[in-house]
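Below: one structure, written as structure tokens.
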Amino acid sequence: MPLSLAQKLEILADAAKYDASCASSGGAKRNARNGGIGSVTGAGICHAYTPDGRCVSLLKILLTNFCIYDCAYCVSRRSSNVRRARFTVDEVVKLTLDLYRRNCIEGLFLSSGIARSEDDTLTDLVRVARTLREEHGFRGYIHLKTIPGASEELIAEAGRYADRLSMNVELPTDSALQDFAPEKSAASIRKGLAATRLRIEASKEVHKRPAGKTRPPHFAPAGQSTQIIVGADATTDQTILGATTTLYSSYALKRVYYSAFSPTGHPSQKLAARPAPLMREHRLYQADWMLRFYGFDLPEIGSAMSGGMLDLEIDPKLAFALAHRERFPVDVNAADRETLLRVPGFGTRAVDRILASRRSGVLRYDDVARIAGAMVRAREFIVTPDHRPRALDAAHLRERFVRAPKQLSLFG
């Protein structure tokens, strides 16, 4: 008996939840004032939170969960006994437009299993985007997953219609990919990421020139991203962050997303038997942020790790400060930006406001608290004319931030 559209949606939306790379920041600003349907702002599209805490686009689906590959970590692998379904191109277009008109979504995140071949799959993904854009004037956000091994011509067409493209590297090392997905090629993935980067950069160069009558459309204006599965094997956080650093520098990625591994009845004894803690995923995002925006390098973050793993009890910035207690406290009125960014609890905006405010006079503790907000973590790592933290060693200081679990009473 054929599946209904609602049944397909249930199956293929559930299968898509394992892909975390769904943010839409950086999309071009568009609206429908001059015709068409939909809009997207620079801040991105609306999101929903799944029960396990992931932030996802409201319409986040696979075109199909049929797949010719048998990647051990993937719920849609060919040997899995999950229910299978496939949308037609017209069904995805209809769903997107109907949900948009009901004000449920502002965009589409579309991925797919590889049902026949890489080119056939990407052709269908592109047809969805092209139909939305050209036949229905859809101006909302579109994120397409491109397929390693697909032709460069198809990737070029995908970038003309999508705001963002992404291609998952899947696992942090080539050896892990060979172990768990031997039918996939790390070299093919790198080739696809490199080709997309070159087209994005070429498009930017063209659009820097004076506007002409035949200026071509932007190519994936929100850039490209990728995803790494965390905890499927014994790869350490330090190795994962090393791979992340290489990905950012080699392919100018907007984001690397981390997806905590979840067992799916896998056949491989090499894979982890238990799901990776979501807190590990969260700590990797925090460390990623430190590398990209706080001026930390990998050895600095690694110096606070134990066995190459981030501390799950405290954030990596606090872990760094505790591991290098000799560098603190920091004089808020004299320290440079790089030093202030290493103070736990100080974000980039807070540091910029501190630097701007101290030009007008000496900052006291209350001034810093007013500028930076909550001082729970920062207070033990800074000095002002009216505040000097107590001399605590790192072990005692850690105890103040990590409280032992406490059993609450069942009765008032």
Side-chain angles (χ1 to χ4, degrees), residues 20-21 23 25-26 53-55 169 172 223 225-231 235-260 276-330 332 335-355 368 371-382 394 397-398 400-402:
S21 54
S25 56
R54 300 173 192 273
C55 183
V169 298
S225 58
T226 193
Q227 174 175 290
I228 294 175
I229 298 171
V230 175
T235 303
T236 64
D237 293 338
Q238 190 160 18
T239 299
I240 291 171
L241 290 171
T244 294
T245 302
T246 300
L247 287 167
Y248 278 125
S249 61
S250 299
Y251 307 112
L253 300 177
K254 289 291 185 181
R255 288 288 299 275
V256 172
Y257 291 86
Y258 307 95
S259 178
L278 287 176
M279 183 54 71
R280 183 182 178 191
E281 180 184 299
H282 180 59
R283 295 297 184 220
L284 283 165
Y285 278 118
Q286 291 176 317
D288 181 290
W289 216 255
M290 289 165 65
L291 290 167
R292 294 165 62 208
F293 302 113
Y294 286 76
F296 283 79
D297 58 32
L298 190 56
E300 284 182 303
I301 297 175
S303 68
M305 294 183 185
S306 175
M309 301 298 287
L310 293 166
D311 194 324
L312 297 184
E313 293 184 322
I314 57 176
D315 70 77
K317 194 174 177 185
L318 177 57
F320 170 82
L322 293 175
H324 297 278
R325 195 68 181 92
E326 74 283 355
R327 299 177 61 169
F328 299 92
V330 167
V332 173
D336 58 22
R337 188 174 190 272
E338 180 180 345
T339 303
L340 288 172
L341 282 172
R342 279 155 175 72
V343 175
F346 280 3
T348 54
R349 292 183 181 179
V351 167
D352 289 340
R353 286 196 292 263
I354 288 171
L355 294 173
V368 178
I371 293 168
M375 298 288 287
V376 175
R377 285 176 293 170
R379 64 185 302 169
E380 298 297 337
F381 299 95
I382 64 168
L397 192 53
R398 178 188 170 88
R400 297 188 59 180
F401 295 104
V402 181

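Numbering starts at 1 and runs along the sequence shown. On a predicted model such as this, the values are computed, not experimentally measured, just so you know.
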Does Ser249 reach the main-chain N or O of Thr245 with its side chain, forming a donor-acceptor pair under 3.5 Å?
yes
Contacts of Arg379 meeting salt bridge (charged side-chain N to carboxylate O under 4.0 Å, His left out) (sequence neighbours excluded), chain-then-number -> none
Atom CG in Asp315, atom CE in Met279: separation rounded to 0.5 Å?
10.0 Å
Apply side chain to side chain contact (heavy atoms under 4.5 Å, CB included) to the pair Val256 and Tyr248, showing each step before the final yes or no.
CA-CA 8 Å; Val256 172; Tyr248 278 125; 3.7 Å; yes
In this structure, are over 12 heavy atoms from other groups packed under 6.0 Å from Arg292 atom CZ?
yes
Under a 4.0 Å threshold between the charged nitrogen and the carboxylate oxygen, would Arg255 count as salt-bridged to Asp288?
no
Quick one: pull up CZ in Phe346 and CG in Asp352 and give me the separation to the nearest 0.5 Å.
12.0 Å
Side chains of Tyr258 and Thr244: is there a donor and an acceptor less than 3.5 Å apart?
yes
Once side-chain hydrogen bond (donor to acceptor under 3.5 Å, both in side chains) is applied, do any residues pair with Arg398, and if so which ones, sequence neighbours excluded?
Asp311, Glu313
Within the side chain of Lys317, is there an N or O that forms a donor-acceptor pair under 3.5 Å with the backbone of Leu341?
yes
Smallest separation among heavy atoms of Thr235 and Ile240, with atom names
CG2-CG1, 3.8 Å
Between His324 and Phe320, ring centroids under 6.0 Å
yes
Ile301 and Ala287 have their tightest heavy-atom pair at CD1-O, 3.7 Å
I want to check something: taking the side chain as every heavy atom from C-beta on, are Met375 and Ile382 in contact at a cut-off of under 4.5 Å?
yes
Kindly indicate whether a cation-pi arrangement holds for Arg342 with Tyr294, taking the cut-offs as under 6.0 Å to the six-membered ring centre and within 45° of the axis.
no
Do Arg337 and Thr348 make a side-chain contact, defined as non-hydrogen atoms from C-beta onward lying under 4.5 Å apart?
yes
Please round to the nearest 0.5 Å and tell me the distance separating atom CG of Leu278 and atom OG of Ser259.
9.0 Å
Donor-acceptor under 3.5 Å (Ser303 side chain, Glu300 main chain)
yes
